[in-house]
Amino acid sequence: MIVVLKQNPNQTQLDYLINWLEGKNISIHTSVGDSHMILGLVGDTSKLDADLISALDIVESVKRVQEPYKNANRKFHPEETIIKVGDTQIGGGTLTLMAGPCSVETEEQMIAVAKAVKASGATMLRGGAFKPRTSPYAFQGLGAEGLRLLKLAKQETGLPIVTEIMEISQLPLFDDVDVIQVGTRNMQNFNLLKELGAQKKPVMIKRGMSATYEEWLMSAEYVMSQGNENVILCERGIRTYESYTRNTLDLSAIPVLKHLSHFPVIVDPSHATGKSSLVPPMAMAAVGGGADGLIIEVHNDPAKAWCDGPQSLNPVQFDKLSRKLIAMKDFMNSLED
Ligand code: PEP
Ligand code: MN
């Protein structure tokens, strides 16, 4: 971190600032220019509040040269995180295919979709039991009953489950869930993130629809700060001025996050595009861009889905796509040296 001081800073205040920083194990390299003095702060500055320092009378500006996230940072954790889920793993060159309906609707629907996606190569089953809906009048999810149906489908197929949590009080219901999903709307629900950090199940954090990479990584940092290292990031599209697609899929997130952090990166082409016809090409592009997996909405009868039918693939479409994705991942792996 670099602190540029105002001209002729008050010496007492400067001594106070330097003592305070040294008390935090930060060493200071001072350089005195013609008009300004600059303090170079060396050490772990991740816990320093840059805004607080820039508000001091003697400070002109503050610039971070080190990222504010430490546990999530690739620099401090060079090996990539591989997450074990049931018999499979997420990351480490594998292709995780999470597939299933937007919402859990009925037992017949869940069992039918689970069996179909498993036969097509899915490695995990998705399905929302708690649904964050824009309208309070829209279907809100089956809640605990939805989790029971997911568990039935897991018993029937052996597929591990990924499903969304909306609030801390729901956590005791998640015993049979394998990966806990934090949705875009809760990416900065810091109390929820801390609670999920204090337990051991993997947490998949979807990108807030207007979140920067740094904000997203700070959410991962919240989980890790409480001791849970099993974090997965999911790019699901961001809000832009384009309205043809539901969101804008930011594929640069894949290489950037892999560079900045050590987490597996999953891509959700369903919520990113909102259109089933755009899901296959974007899913292929994501694997080509280095994604560790995809989360794809699949419904046995999309036209009758209670939620997000227009972006859902039917089982035949998913089967076709899944084969291409597996071939694409094999091809990508074969290119690596
Ligand atoms: C979902 O995956 O069911 C979902 C609601 O996604 P998002 O939080 O990305 O909108
Ligand atoms: Mn959905």
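Residue indices begin at 1 and follow the sequence shown. One-based numbering, in listed order, for ligands and for the atoms of each. Computation of the quantities below employed the complete heavy-atom set of this structure, encompassing side-chain atoms and omitting hydrogens, waters and symmetry-equivalent molecules.
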Original post:
With no hydrogens and no angle check, do the side chains of Ser169 and Glu167 hold a donor and an acceptor under 3.5 Å apart?
Top reply: yes
Nearest-contact summary for [atom] - protein heavy atom, Å:
atom                    : value
atom 6 (O) of ligand 1  : Lys206 NZ, 3.0 Å
atom 8 (O) of ligand 1  : Thr184 N, 2.8 Å
atom 5 (C) of ligand 1  : Glu164 OE1, 3.6 Å
atom 10 (O) of ligand 1 : Arg236 NH2, 2.9 Å

**OP:** With the Mn ion (ligand 2) at the centre, find the angle made by OD2 from Asp308 and SG from Cys102, to 10°.
**Re:** 100°
Original post:
Taking the Mn ion (ligand 2) as the vertex, how big is the angle to OE2 in Glu297 and NE2 in His271, rounded to 10°?
Top reply: 90°
Subject >> Sole residue of Lys206, Arg246, Arg207 in salt bridge (charged side-chain N to carboxylate O under 4.0 Å, His left out) with Asp268 >> reply: Lys206
Original post:
So among Gln199, Gln170, Glu164, which one has a side-chain contact (heavy atoms from CB on, under 4.5 Å) with Ile180?
Top reply: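 Among Gln199, Gln170, Glu164, the one meeting side-chain contact (heavy atoms from CB on, under 4.5 Å) with Ile180 is Gln199.
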Other residues, nucleotides and ligands only: do more than 12 of their heavy atoms fall within 6.0 Å of [atom1] on [X]?
X      : atom1 : answer
Lys151 : NZ    : no
Lys201 : NZ    : yes
Tyr16  : OH    : no
Gln140 : CD    : yes

Original post:
Could a heavy atom of Met209 be found less than 4.0 Å from some atom of ligand 1?
Top reply: no
Original post:
At a 4.0 Å cut-off, with the gap strictly under it, does some heavy atom of Gln181 reach an atom of ligand 1?
Top reply: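 Contact check Gln181 vs ligand 1: positive.
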**OP:** Pick, from Met204, His271, Glu297, the option with the minimum heavy-atom distance to atom 4 (C) of ligand 1.
**Re:**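 Heavy atom nearest to atom 4 (C) of ligand 1 belongs to His271.
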Original post:
Do Val279 and Val162 belong to the same hydrophobic cluster, where Ile, Leu, Val, Met, Phe, Trp and Tyr are linked whenever their side-chain heavy atoms lie under 4.5 Å apart, directly or via other members?
Top reply: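 Each belongs to a different hydrophobic cluster.
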Original post:
Polar-atom distance check: Lys131 versus ligand 1, any N or O pair below 3.5 Å?
Top reply: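 Yes, since at least one N or O of Lys131 sits under 3.5 Å from an N or O of ligand 1.
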Subject >> Atoms in ligand 1 flagged as close to Gly183, the criterion being non-hydrogen separation under 4.0 Å >> reply: 8 (O)
**OP:** For Arg126, take its heavy atoms, then give the atoms of ligand 1 lying under 4.0 Å from any of them.
**Re:**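 Heavy-atom distances to Arg126 below 4.0 Å select 1 (C), 2 (O), 3 (O).
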